[in-house]
Chemist: 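The following block contains the structure, expressed as structure tokens.
Values below: all heavy atoms of this structure, side chains included; hydrogens, waters and symmetry mates excluded.
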Amino acid sequence: AVEDSVLESLNTELSQGLLGDDTLHERERASRRIQLILEGLARKLKLTGEVKMFGSFSNGFKTGSSDLDVVFVGQVGQDSVPLLGKFAAAVPECGFENVTKIFQANVPLVKFTDITSCMEVDFCINNELG
């Protein structure tokens with residue numbers, strides 16, 4: 001026979017694990033919604049290409065605190081910074097806040113937060129390695 005305290009402990013751990021799964025599913029839905037918003041924004045900017053997720057969130061190593069790494073892959077010319085600037089200017093109208101431009105990095109990017117899910121997004125152009 002298994003002691004009641006052991007069963008209670010297992011039930012608690014299972015409940016918490018299942019809640020964690022719910023949170024993960026919510027984050028997956030949020031990441032897909034964010035991807036769709038950025039695809040729409042790329043179309044609005046008359047870009048031809050694809051918005052992809054990469055990094056820990058897309059390769060299965062996602063956790064409750066993983067940020068979302070997103071890249072636009074397409075024909076944009078040599079310098080991605082002006083285009084990143086256009087994305088940075090447009091994302092606040094699309095439900096994002098805390099927009100930070102990091103243009104001096106090896107991989108220029110824009111960081112922002114999805115207001116609905118509080119998920120942090122790192123957005124770059126033509127670099128799927130981050």
Side-chain angles (χ1 to χ4, degrees):
V2 179
E3 290 182 34
D4 286 344
S5 62
V6 172
L7 286 175
E8 191 174 313
S9 176
L10 283 172
N11 280 333
T12 301
E13 285 182 39
L14 281 170
S15 295
Q16 289 173 342
L18 291 172
L19 283 175
D21 282 352
D22 285 349
T23 301
L24 211 50
H25 290 305
E26 286 174 27
R27 291 179 64 77
E28 286 172 356
R29 280 192 300 274
S31 67
R32 181 68 183 125
R33 180 179 49 76
I34 291 166
Q35 182 181 16
L36 289 170
I37 290 169
L38 293 173
E39 285 173 357
L41 188 53
R43 279 193 304 277
K44 185 177 175 185
L45 294 172
K46 298 186 179 2
L47 298 174
T48 303
E50 188 178 358
V51 175
K52 297 180 177 182
M53 293 181 278
F54 69 100
S56 63
F57 201 88
S58 66
N59 67 20
F61 290 110
K62 50 188 161 268
T63 67
S65 61
S66 295
D67 64 358
L68 182 63
D69 297 307
V70 183
V71 61
F72 175 81
V73 180
Q75 299 294 322
V76 297
Q78 286 291 91
D79 189 7
S80 63
V81 170
L83 184 55
L84 279 170
K86 289 180 182 179
F87 272 95
V91 293
E93 300 167 18
C94 301
F96 301 101
E97 62 184 1
N98 302 326
V99 178
T100 305
K101 297 179 272 191
I102 305 173
F103 292 165
Q104 303 305 317
N106 287 340
V107 178
L109 63 105
V110 177
K111 294 173 103 42
F112 45 88
T113 304
D114 176 48
I115 294 170
T116 305
S117 67
C118 297
M119 190 180 300
E120 291 184 4
V121 180
D122 288 354
F123 181 78
C124 63
I125 294 179
N126 285 338
N127 185 325
E128 294 180 63
L129 300 176

Chemist: Which heavy atom in Asn127 sits nearest to a heavy atom in Phe54, and how many Å separate them?
Modeler: O-CZ, 3.7 Å
Chemist: Starting at CG of Asp69, measure out to CG of Asp67 and round the result to the nearest 0.5 Å.
Modeler: 4.5 Å
Chemist: Closer than 3.5 angstrom, by distance alone: can the side chain of Glu120 be matched with the main-chain N or O of Lys111 as a donor-acceptor pair?
Modeler: no
Chemist: Answer yes if Val73 and Leu36 sit in the same cluster of Ile, Leu, Val, Met, Phe, Trp and Tyr residues linked by side chain heavy atoms under 4.5 Å apart, and no otherwise.
Modeler: no
Chemist: Atom CD of Glu50 and atom CD of Glu39: how far apart are they, to the nearest 0.5 Å?
Modeler: 7.5 Å
Chemist: Atom CZ of Arg33 and atom CE of Met119: how far apart are they, to the nearest 0.5 Å?
Modeler: 8.0 Å
Chemist: Nearest 0.5 angstrom please: Leu45 CG to Leu41 CG, how far?
Modeler: 5.0 Å
Chemist: When clusters are formed by joining ILVMFWY residues with side-chain heavy atoms under 4.5 Å apart, either directly or through shared neighbours, do Ile115 and Leu68 land in the same one?
Modeler: no
Chemist: When hydrophobic residues are tied together by side-chain contacts of less than 4.5 Å, even through go-betweens, does Phe103 share a cluster with Phe87?
Modeler: yes
Chemist: For Ile34 versus Ser117, what's the shortest heavy-atom pair and its separation?
Modeler: CD1-OG, 4.4 Å
Chemist: Looking only at heavy atoms, what is the nearest atom pair of Asp114 and Gly95, with distance?
Modeler: OD1-O, 3.7 Å
Chemist: If you count the non-hydrogen atoms of other residues, nucleotides and ligands that lie under 6.0 Å from CG in Asp79, is the total more than 12?
Modeler: yes
Chemist: Given the rule in the side chain to side chain contact (heavy atoms under 4.5 Å, CB included) test, do Phe112 and Asn98 qualify, once you have shown the distances and angles that lead to the verdict?
Modeler: CA-CA 5 Å; Phe112 45 88; Asn98 302 326; 6.0 Å; no
Chemist: Just how far is it from atom CE of Met53 to atom CD of Glu28, taken to the nearest 0.5 Å?
Modeler: 9.0 Å
Chemist: For Cys124 versus Val107, what's the shortest heavy-atom pair and its separation?
Modeler: CB-CG1, 4.0 Å
Chemist: Nearest 0.5 Å, please: how far is CD1 in Ile125 from CG in Leu47?
Modeler: 7.5 Å
Chemist: Closest heavy-atom contact between Ile102 and Ala105?
Modeler: CG2-CB, 3.9 Å
Chemist: Name the residue from Leu109, Leu38, Val99 that meets the side chain to side chain contact (heavy atoms under 4.5 Å, CB included) definition with Phe123.
Modeler: Leu38
